[in-house]
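These notes concern the structure reproduced below.
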Amino acid sequence: MPGTAEVEVPWSAAWSGEQAFRLQPSRDFPGLLELDQKQAPGVGEPLFAAIHVTRQRRGMVDLLCHVCGEPTPAHDRYIFPVASGGLVTLLDGTQQYGCNVPPIHRACAERAAGACPHLSRLGEPPLRCSDDEGRVIHRTDVTPGLEALARTLPAGVEVVFSCYRLYGPDFTGAVMAAREAWERQARARRRAGT
């Protein structure tokens, strides 16, 4: 995890020195173009609210850790189910969990929970991913913060901006149970005034 003197920066975060983009044929979604972002981690200032589009895709497709960028083996792959993703409604009306943030190692999850202001406020425990690796779904809607760039792209061309993993019913159930447990605990804390 590259960092400045004061703060650790997740691998998939963008830096101010990486604000150059180009279109290229997608290596993951044949027949489509994808947005590719300059790679210069550590150059400039970290942009915590901006995920690096290329590293996000690599993390999702290759199951690389959101925090350190290393592969996450099946036995050491976690997500924060409240902080990432949501339910996706399928054509048949059923819903499955779609996660838009790369997985993380358990040790990286513990570091992130203490270092990330958003995660530390949530107080959410990480959830171990099941054997269901899900399937990667591309997204051609414009990633927030890239609207001005999108207006410069050729008209009528579908461009992959990001992707997510869509999980099956069993892992969706585990995520929903974890979210419900977190919500119960959050309500109890609010009632207790803590």
Side-chain angles (χ1 to χ4, degrees), residues 1 3 6-14 46-53 55-57 59-60 63-70 72-137 139 141-147 161-194:
M1 177 149 95
E6 305 85 34
V7 66
E8 291 187 87
V9 180
W11 168 77
S12 58
L47 306 173
F48 292 105
I51 297 297
H52 189 281
V53 297
R55 289 195 292 271
Q56 187 270 350
R57 252 192 337 273
M60 295 305 298
L63 297 166
L64 303 177
C65 180
H66 173 65
V67 172
C68 73
E70 295 298 316
T72 57
H75 69 277
D76 190 16
R77 186 174 297 144
Y78 291 81
I79 62 164
F80 285 102
V82 174
S84 58
L87 291 176
V88 176
T89 302
L90 305 181
L91 291 174
D92 66 1
T94 62
Q95 293 186 318
Q96 292 179 341
Y97 176 66
C99 188
N100 59 349
V101 176
I104 50 180
H105 302 105
R106 178 66 190 207
C108 290
E110 291 170 3
R111 284 173 45 210
C116 172
H118 177 66
L119 289 175
S120 64
R121 275 193 308 275
L122 284 176
E124 168 191 16
L127 175 67
R128 185 180 175 278
C129 295
S130 69
D131 291 337
D132 173 11
E133 288 188 357
R135 60 188 170 108
V136 180
I137 308 293
R139 295 197 61 174
D141 56 315
V142 179
T143 305
L146 296 178
E147 297 84 359
F161 279 87
S162 66
C163 60
Y164 65 97
R165 281 193 175 268
L166 184 64
Y167 292 93
D170 290 343
F171 191 58
T172 296
V175 167
M176 297 314 296
R179 285 180 163 196
E180 290 166 10
W182 179 86
E183 189 60 46
R184 280 193 303 276
Q185 292 170 351
R187 281 194 302 268
R189 284 192 302 270
R190 285 192 297 271
R191 281 194 301 269
T194 57

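All values below were derived from every heavy atom in this structure, side-chain atoms included, with hydrogens, water molecules and symmetry-related copies excluded.
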key: CA sep, side-chain torsions, deciding dist, call: V53, F161, side chain to side chain contact (heavy atoms under 4.5 Å, CB included)   = CA-CA 7 Å; V53 297; F161 279 87; 5.5 Å; no

task = Please lay out, stage by stage, how L64 and E70 fare under the test side chain to side chain contact (heavy atoms under 4.5 Å, CB included).
result = CA-CA 5 Å; L64 303 177; E70 295 298 316; over 6 Å; no

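With rounding to the nearest 0.5 angstrom, the CG atom of L90 is 6.0 Å from the CG atom of L166. I137 CD1 to S162 OG: the interatomic distance, rounded to the nearest 0.5 Å, is 11.5 Å. A distance of 7.5 Å separates CG in L119 from CD1 in I104, rounded to the nearest 0.5 Å.
For D132, the side chain to side chain contact (heavy atoms under 4.5 Å, CB included) test picks out S130, Y167, F171, with sequence neighbours left out. Residues passing the salt bridge (charged side-chain N to carboxylate O under 4.0 Å, His left out) test with R139, sequence neighbours excluded: D141. Annotation: salt bridge (charged side-chain N to carboxylate O under 4.0 Å, His left out) contacts of R165 (sequence neighbours excluded): none. Residues satisfying the side chain to side chain donor-acceptor pair (under 3.5 Å) test with E183, not counting sequence neighbours, are R190.
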Donor-acceptor pairs are to be reported for all side-chain atoms of residues 79-89 against protein atoms at under 3.5 Å, with residues two or more places apart or in another chain.
unit_1: S84; atom_1: OG; unit_2: F80; atom_2: O; d: 2.8
unit_1: T89; atom_1: OG1; unit_2: Q95; atom_2: NE2; d: 3.1

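Distance alone, capped at 3.5 Å, is enough to place a donor-acceptor pair between the R55 side chain and the W11 backbone. The closest donor-acceptor contact from the side chain of Q56 to the backbone of S12 lies at 3.5 Å or more, if one exists at all.
Sorted by first then second residue, the salt bridge (Lys or Arg N to Asp or Glu O under 4.0 Å) pairs that include residues 90-109, not counting sequence neighbours, are R106-E110.
Ionic pairing of E124 and R179 is not present here: no N-O contact between side-chain nitrogen and carboxylate oxygen is shorter than 4.0 angstrom.
Here the closest non-hydrogen pair linking R77 and P103 is CG-CB, 3.4 Å. Looking at every heavy atom in both residues, H66 comes nearest to P102 through CB-O, 3.5 Å.
Within a 6.0 Å sphere centred on CZ of R187, heavy atoms belonging to other residues, nucleotides or ligands number more than 12.
Looking at T72 and H105, their side chains never bring a donor and an acceptor atom within 3.5 Å of each other.
A 4.5 Å side-chain heavy-atom check between P10 and F48 finds at least one atom pair inside the cut-off.
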